Asks: 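Take this structure first; my questions come after.
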Amino acid sequence: MPDDYKETLNLPKTSFPMKANLAKRELDMLQFWEDIDIYQKLMNKGEREKTFVLHDGPPYANGNIHIGTAFNKILKDMIPKYKWMRGYFSPYVPGWDTHGLPIELRTLKDEGLDKDSLHPIDLRRKCKECADRFLDIQRNEFKRLGVIGDWNDPYITFKPEYEAIELEAFAEMVDRGYVYRGQKPIYWCTDCQTALAAAEIEYEDISSPSIYVAYPLKKEGFPNLEGKEAYAIIWTTTPWTLPASLAITVHPNFDYIFASSNDKVYLLAKGLLEKVQRETGINFNNVLYEIKGKELEGLKAVHPFYDDKEIIFVLGDYVSLDEGSGCVHTAPGHGAEDFETGIKYDLEIYNPVDGRGYFVPETPLVGGLSLEEGSEKVLEVLKQKGRLLGEGEIMHSYPHCWRCKKPIIFRATNQWFIAVSMFKEDSLKAISSVQWIPSWGQDRIANMVRERSDWCISRQRIWGVPIPAFYCNDCGELILTSDRIRKVSAKVREHGSDCWWLMETKELLEELAFCPKCNSKSLKKETDIFDVWFDSGTSHLAVLTTRPELKWPATMYLEGSDQHRGWFQTSLLTSVATRGRAPFEMVLTHGFIVDGEGRKMSKSLGNVVQPQEVIEKYGADILRLWVASTDYRNDIRISETILKNLVESYRRVRNTMRYMLGNLFDFDPHNDSLAPEDMEEIDLWILSKLQGIISKVTRGFEDFEFHVPTFTIHQFCVNELSAFYLDINKDRLYVEAADSKLRRSCQTAMWNIIKTLTLMLSPILSFTTEEVWQHLREIDHTLPESIFLADWPTLDPTLYHESLEEKWERILWLRGAVSRALEAARGQDLIGQSLEACVNIKLDSETAKLRDILSPYWWKGVFIVSDVNWVDELPEAPVVHADEETGVKIAITKACGEKCPRCWMYAPEVAEKGVCGRCSMVLAAQS
RNA sequence: GGGCCGGUAGCUCAGCUGGUUAGAGCACACGCCUGAUAAGCGUGAGGUCGGUGGUUCGAAUCCACUCCGGCCCA
């Protein structure tokens with residue numbers, strides 16, 4: 001008999017599975033979006049007057065995506081999804097960065113070739129194949145994450161239209177006089193006779209000579225040196241750079257001293273006195289005087305073995321007291337810092353070394369010698385002149401060529417530059433007009449731009465966009481004019497940049513194929529290509545200005561914080577150089593992905609988390625939840641513990657949704673909904689709470705702080721819904737007549753809640769919410785076919801009741817005390833489930849105020865007990881609980897009567913009727 | 001070494017412009033339920049707010065230094 005009543009209850013029913021099985025079910029959802037062409041549907045939906053363009057930073061099309069790329073793409077994806085629902089037109093065009101060294105090297109390695117043994121066109125074809133292959137792999141991986149965008153027509157930097165615009169942007173910079181050819185030291189392998197990129201450098205420990213050299217001081221400007229032999233002491237590990245020595249750099253804030261030894265005086269940093277003394281054997285017996293580094297600026301010395309060459313004192317912050325003498329010999333043609341200093345002080349970028357590693361013949365003293373021979377010669381002469389103060393060996397880390405494993409050198413060569421210095425002020429202004437999120441991004445990029453030097457845009461490589469310059473074979477003129485660049489650009493637009501290698505200058509330039517200086521028709525093409533950062537840095541022009549659905553400037557760029565140096569900056573520079581303003585209105589940055597201990601991921605540490613594995617194991621929605629649950633302004637941690645936690649949170653939200661769905665199985669929103677004035681108070685209360693949630697969640701999305709919505713909704717599901725509202729309404733939903741107002745009131749509220757929560761979660765848990773949505777559509781067929789086509793929930797101020805929330809706040813306060821009392825009763829084995837209990841509440845000043853704010857029916861409901869008594873004196877009872885937290889005194893007694901087999905509440909009449917009074921009425925109506 | 005950032009319970013986050021015993025969810029422990037059931041409910045135990053020093057009547061909140069970690073650069 002007992003189980004028979006189960007059939008008379010309105011128990012939840014749903015086909016929505018409890019177990020998510022995301023790894024599998026998500027694939028169906030992807031298929032669904034593909035089938036209905038969700039992106040096109042969105043594009044047809046929005047109103048164009050409100051446009052939000054998130055411009056995608058192109059990932060490099062090499063290898064599979066890693067956790068950082070996945071994080072970035074998911075974070076981005078949440079924004080257009082939200083904006084579409086808010087009524088914006090928010091197209092998202094993904095892109096790829098496809099040129100450049102990593103792909104070229106990978107291709108060469110795969111082919112077992114080097115770049116000179118393969119025709120450029122063949123190499124480029126293979127590179128393109130490689131990029132294409134990985135682009136496709138990544139595209140599928142991104143789609144698998146649930147990212148919605150124009151995957152069928154992404155932007156790709158190797159597309160002819162893209163390259164053409166890039167060249168046009170370059171032409172504009174040439175027009176403005178921002179492009180020049182100059183010298184810059186680069187990594188150079190004398191063995192392979194080639195320039196190397198930073199990525200081709202390996203650091204190895206080697207032994208180098210360590211020498212101290214005396215540079216005679218010119219006495220003008222130095223106080224108190226009359227009649228004395230005075231020298232500056234420098235220290236170097238590369239004697240072969242001394243022929244190119246042009247300056248001595250000192251730190252502006254260090255203290256320098258003139259120390260005498262016998263009849264000589266030496267200049268060196270005060271802090272290095274002992275070290276130099278030790279390593280040179282010179283005994284400094286007297287310090288003549290001290291001087292600040294900055295006071296040395298502009299003073300002069302003489303080259304240690306070119307007596308007619310003047311050496312100037314300059315300042316540099318990079319001078320350290322770790323090694324040497326605090327006076328740094330500076331050869332602008334042989335080192336990055338030296339070069340910077342050289343540029344600053346207008347020194348010659350002097351490089352007497354040729355590509356094979358020999359001093360050019362006209363070099364004094366060492367002309368024609370190899371670097372090694374030159375080095376020996378230098379030492380010999382220094383010794384001869386008595387200017388070698390100390391000689392030793394030192395082990396240190398030094399860059400080597402990755403291919404031949406030989407030490408490399410720094411060697412100034414001709415490169416193309418963009419004169420950032422000419423529009424640096426404008427760039428800084430542009431930076432200040434952008435909204436940086438978080439705000440410190442502004443300081444970071446402004447500092448970087450302020451300190452940066454001109455942009456070296458040339459690479460001696462094959463896989464990239466050619467720098468469209470020419471050289472006259474007759475007069476040697478360097479030809480870089482915007483009209484010729486535009487000619488080339490037109491050809492590139494038509495044929496792709498391969499045409500640079502396939503066409504003669506005559507074909508490329510047509511009527512402009514002549515030297516503007518000597519009219520010669522014999523021209524030679526530049527062999528350098530653009531830095532890939534120039535490719536991606538011009539994407540705002542190549543993409544935003546060419547696609548009708550997009551707009552320039554972008555509303556937002558969103559990348560990791562490393563892009564302050566990278567894409568944010570290169571985009572900004574090309575934009576300021578061509579358009580005079582930033583290409584974005586907002587820049588959002590996130591931190592880096594680290595492991596559970598906050599350490600960066602590395603293969604050697606073995607702490608790398610693969611997005612593919614997470615998806616396989618837990619599903620993309622878990623990954624999405626991870627992205628949304630973090631405060632991404634800091635580093636973002638991921639670990640098995642964190643994922644397990646997320647799975648747990650996910651489960652809770654999913655089950656809450658499932659439970660509400662199950663209780664709506666017989667609800668027709670169009671016919672069964674109640675108007676607010678007909679609803680139960682508790683249902684109005686939960687809807688009032690829901691308004692607060694909508695407001696908080698919406699604000700979180702507006703501020704791009706996705707962890708706010710995530711936590712807010714999760715906590716709402718746990719605290720308000722699962723632990724309270726849904727729990728105490730089981731009685732109503734199951735037991736009352738299916739079509740009763742009591743039950744319909746609750747269903748009306750739940751329908752509103754589940755729709756609202758599902759919508760608000762959709763930018764985050766896209767797969768799951770779409771799944772829920774499809775179930776909701778079975779309840780209401782008028783809903784849009786995909787959740788992403790629906791509108792964002794709006795806050796209904798008429799549903800917000802502050803006084804109601806305050807009232808229920810007090811009810812919950814008392815409920816806490818009752819729960820603790822019931823728990824005490826359970827501890828005494830008085831009761832099991834709470835319906836077995838009768839709650840006796842002692843009336844005091846507080847509880848007396850509460851008694852009448854709810855009907856007895858609702859008090860029982862709120863506590864989920866069979867009886868509630870408000871008494872002046874507590875009865876004799878097995879469990880009397882004096883609640884510490886509230887001060888309320890409660891006695892728990894066994895509920896009287898017997899357990900109704902239908903609703904499980906205890907009532908006296910059950911013995912007689914077989915069920916309680918309420919159930920008998922419901923049953924009577926049913927039959 | 002420089003620029004920028006972060007360090008609150010095992011985990012993810014709150015904690016506004018300094019002011020009662022530092023909050024929440026998850027995880028954990030114990031218990032209940034078996035009509036959300038590879039679910040649900042209740043109770044409870046977890047933190048010297050990275051460390052040191054300072055300003056203050058009072059600091060997780062302000063300042064200095066320091067340790068640890070991250071990005072970028074050298």
Side-chain angles (χ1 to χ4, degrees), chain A residues 3 5-7 9-14 16 18-19 251 316-322 335-337 340 438 440-448 450-452 560-566 569 589-600 625-626 628-631 633-652 654-663 705 707-708 710-712 714-719 722-724 726-728 730-731 733-735 815-816 818-827 829 831-836 864 902-904:
Chain A
D3 278 347
Y5 289 104
K6 195 166 170 178
E7 301 309 313
L9 295 169
N10 314 298
L11 293 177
K13 259 186 266 191
T14 179
F16 184 82
M18 181 148 82
K19 198 151 181 284
H251 196 290
D317 287 336
Y318 55 86
V319 174
S320 91
L321 292 177
D322 296 341
E337 285 169 335
E340 295 297 328
W440 49 255
Q442 178 167 348
D443 291 338
R444 185 164 179 186
I445 193 166
N447 283 338
M448 285 177 177
R450 199 177 294 118
E451 298 296 321
R452 73 160 294 150
S561 64
D562 58 334
Q563 299 303 328
H564 287 103
R565 160 89 24 204
Q569 193 176 135
T589 51
H590 59 255
F592 267 65
I593 315 303
V594 293
D595 71 8
E597 269 74 55
R599 264 161 237 285
K600 68 172 145 206
L625 186 58
W626 165 66
S629 70
T630 61
D631 181 353
R633 288 168 292 201
N634 307 333
D635 296 328
I636 304 124
R637 297 186 179 206
I638 191 167
S639 67
E640 200 52 38
T641 316
I642 291 167
L643 287 168
K644 287 249 167 66
N645 259 315
L646 290 164
V647 169
E648 215 48 52
S649 312
Y650 171 86
R651 201 172 280 161
R652 175 54 76 102
R654 183 181 178 93
N655 275 322
T656 307
M657 297 298 194
R658 174 172 184 268
Y659 182 69
M660 286 191 284
L661 267 178
N663 278 299
E705 295 186 358
H707 67 283
V708 173
T710 308
F711 283 99
T712 303
H714 180 251
Q715 306 225 349
F716 183 66
C717 283
V718 172
N719 297 327
S722 198
F724 182 61
L726 297 178
D727 201 33
I728 71 169
K730 282 173 186 167
D731 179 83
L733 289 165
Y734 301 170
V735 176
R815 187 177 189 259
V818 172
S819 289
R820 286 182 287 273
L822 290 170
E823 191 61 22
R826 259 182 216 114
D829 284 331
I831 56 163
Q833 61 169 338
S834 55
L835 285 173
E836 292 167 34
I864 318 184
R902 184 165 178 275
C903 74
W904 294 351

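Nothing here was measured: the structure is a model prediction, and the numbers come from that model. Excluded from the calculations below are hydrogen atoms, water molecules and symmetry mates; all remaining heavy atoms, backbone and side chain alike, are included. Below, chains carry the letters A, B, ... as their sequence lines are ordered, and counting in each starts from 1.
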Asks: Looking at every strand, decide which applies to S561(A) at a 4.0 Å heavy-atom threshold: base, sugar-phosphate, or nothing.
Replies: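 The answer is sugar-phosphate, as S561(A) gets under 4.0 Å only of primed atoms, P, OP1 or OP2.
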Asks: May I ask you to say what Q833(A) touches in the nucleic acid, namely base, sugar-phosphate or nothing, with a heavy-atom cut-off under 4.0 Å?
Replies: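 Result for Q833(A) = sugar-phosphate.
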Asks: Can you tell me how far C1' of G70(B) sits from CD1 of I638(A), to the nearest Å?
Replies: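 I638(A) atom CD1 is separated from G70(B) atom C1' by 16 Å.
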Asks: Could you tell me the separation between the NZ atom of K6(A) and the OH atom of Y734(A), rounded to the nearest 0.5 Å?
Replies: 10.5 Å
Asks: If we take the C1' atom in both G40(B) and A36(B), what is their distance in whole Å?
Replies: 6 Å
Asks: More 5' along RNA chain B: L9(A) or S639(A), using each one's nearest nucleotide?
Replies: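 Closer to the 5' end of RNA chain B: S639(A).
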Asks: Rounded to whole angstrom, note down the C1' distance from U61(B) over to G54(B).
Replies: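 Looking at atom C1' only, U61(B) and G54(B) are 15 Å apart.
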Asks: Quick one: do S561(A) and R633(A) satisfy side-chain contact (heavy atoms from CB on, under 4.5 Å)? Show the steps, please.
Replies: CA-CA 9 Å; S561(A) 64; R633(A) 288 168 292 201; over 6 Å; no
Asks: Side chain of N447(A), heavy atoms from C-beta onward: which of A24(B), C4(B), G35(B) has the nearest atom to it?
Replies: C4(B)
Asks: Would you indicate what W904(A) reaches in the nucleic acid, counting non-hydrogen atoms under 4.0 angstrom: base, sugar-phosphate, or nothing?
Replies: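 Since a base atom lies under 4.0 Å of W904(A), the category is base.
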Asks: Hey, is D562(A) close enough to R565(A) for a salt bridge, meaning N to O under 4.0 Å?
Replies: no
Asks: Relative to the 5' end of RNA chain B, which residue comes earlier, L726(A) or I831(A), by the nucleotide with the nearest heavy atom?
Replies: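 Result: I831(A).
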Asks: Give F711(A) one of three labels, base, sugar-phosphate or nothing, depending on what nucleic acid heavy atoms sit under 4.0 Å from its own.
Replies: base
Asks: When the C1' atoms of C67(B) and U21(B) are compared, how many Å lie between them, rounded to an integer?
Replies: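 After rounding to an integer number of Å, I get 31 Å for this pair.
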Asks: Can you check whether R599(A) has a side-chain N or O nearer than 4.0 Å to OP1 or OP2 of C68(B)?
Replies: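 Indeed not, no polar side-chain atom of R599(A) lies that close.
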Asks: Take the protein atom CG of L661(A) and the nucleotide atom C1' of A39(B), then report the distance between them rounded to whole Å.
Replies: 15 Å
Asks: Just checking D727(A): base, sugar-phosphate only, or nothing, at a heavy-atom cut-off of under 4.0 Å?
Replies: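 Answer is sugar-phosphate: D727(A) comes under 4.0 Å of backbone atoms only.
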Asks: Give the rounded distance in Å between these two atoms: CD1 of I864(A) and C1' of U34(B).
Replies: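 I864(A) atom CD1 is separated from U34(B) atom C1' by 15 Å.
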Asks: Less than 3.5 Å between a donor and an acceptor, one on the side chain of K730(A) and one on the base of A36(B), is that the case here?
Replies: yes
Asks: Between C49(B) and U43(B), how far is it from one C1' atom to the other, in whole Å?
Replies: 27 Å
Asks: Pick one for G54(B): is it syn, with its angle within 90° of 0, or anti?
Replies: anti
Asks: Any side-chain N or O of R826(A) below 4.0 angstrom from OP1/OP2 of U43(B)?
Replies: no
Asks: Reckon S722(A) has a side-chain N or O less than 4.0 Å from the OP1 or OP2 of C41(B)?
Replies: yes
Asks: Does the structure show a Watson-Crick or G-U wobble partner for G1(B), both distances under 3.5 Å? Name it, or say none.
Replies: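 Paired with G1(B), as far as the under-3.5 Å criterion goes, is C73(B).
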Asks: Between H714(A) and U12(B), is there a side-chain N or O to OP1/OP2 distance below 4.0 Å?
Replies: no
Asks: So what's G6(B) paired with, Watson-Crick or G-U wobble, going by both distances under 3.5 Å?
Replies: C68(B)
Asks: Side chains of D595(A) and S639(A): closer than 4.5 Å at any heavy-atom pair?
Replies: no
Asks: Mind checking the P distance from C62(B) to C5(B)? Whole angstroms is fine.
Replies: 13 Å
Asks: Should C32(B) form a Watson-Crick or G-U wobble pair with both distances under 3.5 Å, which nucleotide is its partner?
Replies: G40(B)
Asks: When you check the phosphate oxygens OP1 and OP2 of A38(B), does a side-chain N or O of K19(A) lie under 4.0 Å from one of them?
Replies: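 K19(A) to A38(B) OP1/OP2: no side-chain N or O under 4.0 Å.
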Asks: With heavy atoms under 4.0 Å as the rule, sort G832(A) into base, sugar-phosphate or nothing.
Replies: sugar-phosphate
Asks: Supply the atom-to-atom distance N655(A) CG to Y650(A) OH, rounded to the nearest 0.5 angstrom.
Replies: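 Going from CG on N655(A) over to OH on Y650(A), the span is 9.5 Å.
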Asks: May I ask which nucleotide in the shown strands pairs with G25(B), Watson-Crick or G-U wobble, both distances under 3.5 Å?
Replies: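 Check on G25(B): paired to C11(B), both distances under 3.5 Å.
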Asks: Could you measure the distance from the CD atom of E7(A) to the CZ atom of R902(A)? Nearest 0.5 Å is fine.
Replies: 11.5 Å
Asks: Between the side chains of R820(A) and E823(A), is the shortest nitrogen-to-carboxylate-oxygen separation below 4.0 Å, so that they form an ion pair?
Replies: no
Asks: Round to the nearest Å and state the distance from W440(A) atom CH2 to G6(B) atom P.
Replies: 8 Å
Asks: Select base, sugar-phosphate, or nothing to describe what E337(A) touches, counting heavy atoms under 4.0 Å on all strands.
Replies: sugar-phosphate
Asks: Given that both distances must come in under 3.5 Å, which nucleotide forms a Watson-Crick or G-U wobble pair with C62(B)?
Replies: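 When the pairing criteria are applied, G54(B) turns out to be the nucleotide that pairs with C62(B).
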Asks: Please confirm whether any donor atom in the side chain of R444(A) sits under 3.5 Å from an acceptor in the base of C71(B), or the reverse.
Replies: yes
Asks: Measure CG/L822(A) against C1'/C33(B) and give the value in whole Å, please.
Replies: 13 Å
Asks: Go through the N and O atoms of the side chain of T14(A) and the base of A36(B), and report whether any donor-acceptor pair is under 3.5 Å.
Replies: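 No, the side chain and the base share no sub-3.5 Å donor-acceptor pair.
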Asks: How many whole angstroms separate atom CZ of R452(A) from atom C1' of G3(B)?
Replies: 15 Å
Asks: Once you round it to whole Å, what is the distance between P of U34(B) and CG of N655(A)?
Replies: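 Going from CG in N655(A) over to P in U34(B) covers 19 Å.
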Asks: Do any side-chain nitrogens or oxygens of R658(A) fall under 4.0 Å of OP1 or OP2 in A36(B)?
Replies: no
Asks: Please state whether the phosphate of C41(B), meaning OP1 or OP2, lies under 4.0 angstrom from any side-chain nitrogen or oxygen of R652(A).
Replies: yes
Asks: Side chains of R444(A) and T589(A): closer than 4.5 Å at any heavy-atom pair?
Replies: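 In short, these two side chains do not touch, never coming nearer than 4.5 Å.
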Asks: Given atom CZ of R654(A) and atom P of G40(B), what is their separation to the nearest angstrom?
Replies: 13 Å
Asks: G598(A) near the nucleic acid: base, sugar-phosphate alone, or nothing, with a heavy-atom cut-off under 4.0 Å?
Replies: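 The answer is sugar-phosphate, as G598(A) gets under 4.0 Å only of primed atoms, P, OP1 or OP2.
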Asks: Roughly how many Å apart are A27(B) and U48(B), using the P atom of each and rounding to a whole number?
Replies: 23 Å
Asks: In plain terms, say whether K644(A) and E640(A) are close enough for a salt bridge, that is, a side-chain N and a carboxylate O under 4.0 Å apart.
Replies: yes
Asks: To the nearest 0.5 Å, how far apart are OG1 in T630(A) and CD1 in I593(A)?
Replies: 7.5 Å
Asks: With P as the reference atom in both, quote the distance from A22(B) to G70(B) in angstrom, rounded to an integer.
Replies: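 Each nucleotide's P atom is 32 Å from the other's.
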Asks: Just to be sure I understand the rule, does H564(A) reach a base, reach only the sugar-phosphate, or reach nothing, if contact means heavy atoms closer than 4.0 Å?
Replies: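 Counting heavy atoms under 4.0 Å across all strands, no contact is made by H564(A).
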Asks: Any side-chain N or O of Y659(A) under 4.0 Å from OP1/OP2 of U37(B)?
Replies: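 Answer no for this pair, as no side-chain N or O of Y659(A) is under 4.0 Å from OP1 or OP2.
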Asks: Quantified in whole Å, what is the P atom distance between nucleotide A24(B) and nucleotide A14(B)?
Replies: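 16 Å, rounded to whole Å.
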Asks: Using a cut-off of less than 4.0 Å, is there contact between a side-chain N or O of N663(A) and OP1 or OP2 of A36(B)?
Replies: no
Asks: Could you tell me which nucleotide pairs with C16(B) by Watson-Crick or G-U wobble geometry, both distances under 3.5 Å, or answer none if nothing does?
Replies: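 Because no pair has both required distances under 3.5 Å, C16(B) counts as unpaired.
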